[in-house]
Amino acid sequence: MTRTAPDLWHHYGRTRQATDRAVPDTFHWNWSQDSGPGVEVLGDLTGLRVGDLGAGAGRHAAHLAAHHRPAVTDAVDASPGQCAMATDLYGHLAPRLRVVPSDAVGHLRATRGAYDVLYSVFGALDFTEPGTLLPAARAALRPGGRLAFSTLAHCLGGAPARSRVRPVDVPARTRDGEPATLRRWVLKDHVWRTLLDEAGFTRIAIDVLPAAAQGQRTAGTLLVTARRPG
């Protein structure tokens, strides 16, 4: 019998779900979600198919669906708990917003050539082995399609990003509260550039968004964009 992987994101965001149920008015890429570039990084989304990889409770996807006229935004997440929250919060935005309960790689492999834009805000690009995910993302984009993602510029607490493709361990909890570990890829910008190039992306650009404040949990952000060749 196949065992279901524990939902290590079940508890994440549940306090906010009870107090903040509105469709967000803004879209930010930085860690503190309060400044810097916004949705303009993705270009004009009118009539396009968009995928949010590791969408969590779907707040960024809901903003796009409500304010930027895509044909559809797929909020893809492997966590049953996060998908349930996204459906509860933003199910009324269907069919322009679609919650997709799936791991990112599996979904991308099943949707080759389907997307105009793929993006991730500290989502699946952080928590999936990039040598597996990036080629799947390229294949799921249409020719000329855009990939954009934000990821940590350094580890929380200030330790430097990895100069090799190795994850760091992040403490987590199962649904039952048992301790567990997530793997997070916190990589230097030149490592991301090499990985994207090896996966077949072009027009790679990486910007550093500085931390907005000081403190143990603040962090700088890498904002990465690339294209599937057209």
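For reference, positions follow the sequence shown, starting with 1.
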What is the distance from atom [atom1] of [X] to atom [atom2] of [Y], rounded to the nearest 0.5 Å?
X: R142; Y: L118; atom1: CZ; atom2: CG; answer: 10.5 Å
X: W29; Y: S150; atom1: CH2; atom2: OG; answer: 6.0 Å
X: H11; Y: R173; atom1: NE2; atom2: CZ; answer: 4.5 Å
X: R175; Y: S79; atom1: CZ; atom2: OG; answer: 9.5 Å
X: L8; Y: T174; atom1: CG; atom2: OG1; answer: 7.5 Å
X: L141; Y: F201; atom1: CG; atom2: CZ; answer: 5.5 Å

| request: Start with the C-alpha gap between F122 and W31, add the side-chain angles, then the distance that decides, and say whether side chain to side chain contact (heavy atoms under 4.5 Å, CB included) holds. | output: CA-CA 8 Å; F122 303 103; W31 177 252; 3.6 Å; yes

Closest non-hydrogen atom pair between [X] and [Y], with its separation:
X: A136; Y: R109; answer: CB-CG, 4.3 Å
X: P160; Y: C155; answer: O-SG, 3.8 Å
X: D7; Y: G81; answer: OD2-N, 2.9 Å
X: G56; Y: A86; answer: O-CB, 4.0 Å
X: A161; Y: A153; answer: CB-O, 3.5 Å
X: R138; Y: A199; answer: CD-O, 2.8 Å

Spell out, yes or no, whether [X] and [Y] are grouped together once hydrophobic residues are joined by side-chain heavy atoms under 4.5 Å, including indirect joins.
X: L53; Y: Y12; result: no
X: L152; Y: V208; result: no
X: V117; Y: L108; result: no
X: L45; Y: V41; result: yes
X: L97; Y: L48; result: no

Given side chains that start at C-beta, do those of [X] and [Y] come closer than 4.5 Å, heavy atoms only?
X: L196; Y: L134; result: yes
X: T225; Y: L147; result: no
X: V23; Y: H92; result: yes
X: D116; Y: V50; result: no
X: D207; Y: L222; result: no
X: P130; Y: L125; result: no
X: V165; Y: L195; result: yes

Counting only N and O atoms by type, is there a donor-acceptor contact under 3.5 Å from the side chain of [X] to the main-chain atoms of [Y]?
X: Q82; Y: D77; value: no
X: R227; Y: G144; value: yes
X: S120; Y: G123; value: yes

The remaining residues in the hydrophobic cluster of V99, counting side-chain heavy-atom contacts under 4.5 Å among Ile, Leu, Val, Met, Phe, Trp and Tyr, are none

Let me check something: any side-chain donor-acceptor pairs from residues 59-69 under 3.5 Å, sequence neighbours excluded? List them with distances.
from, atom 1, to, atom 2, distance (Å)
R59, NH1, D20, O, 3.2
R59, NH1, Y90, OH, 3.0
R59, NH2, D20, O, 3.1
H60, NE2, H28, O, 3.4
H60, NE2, Q33, OE1, 2.8
H63, ND1, P24, O, 2.9
H63, NE2, H68, NE2, 3.1
R69, NH2, T46, OG1, 3.4

message = Please determine whether side chain to side chain contact (heavy atoms under 4.5 Å, CB included) holds for the pair V121 and F149, giving the CA-CA distance in whole Å, both sets of side-chain angles, and the decisive distance to 0.1 Å.
response = CA-CA 6 Å; V121 182; F149 63 95; over 6 Å; no

_Counterpart residues, side chain to side chain donor-acceptor pair (under 3.5 Å), relative to R14 (two or more places apart)_ =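 For R14 the side chain to side chain donor-acceptor pair (under 3.5 Å) partners, ignoring immediate neighbours, are H10.
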
Can you pull out every salt bridge (charged side-chain N to carboxylate O under 4.0 Å, His left out) where at least one residue sits in residues 148-172? Sequence neighbours excluded, please.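 Qualifying pairs, neighbours excluded: none.
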
> Have T221 and N30 got a donor and an acceptor in their side chains that come within less than 3.5 Å?
Replying inline: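 Not at all, the side chains of T221 and N30 share no donor-acceptor pair under 3.5 Å.
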
Restricting to side-chain contact (heavy atoms from CB on, under 4.5 Å), what partner residues turn up for D74, sequence neighbours left out?
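By the side-chain contact (heavy atoms from CB on, under 4.5 Å) rule, D74 matches R49, V72, V76, R98, V100, H107, Y115.
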
Residues pairing under side chain to side chain donor-acceptor pair (under 3.5 Å) where one sits in residues 180-201, two or more places apart or in two chains, turn out to be D126-R184

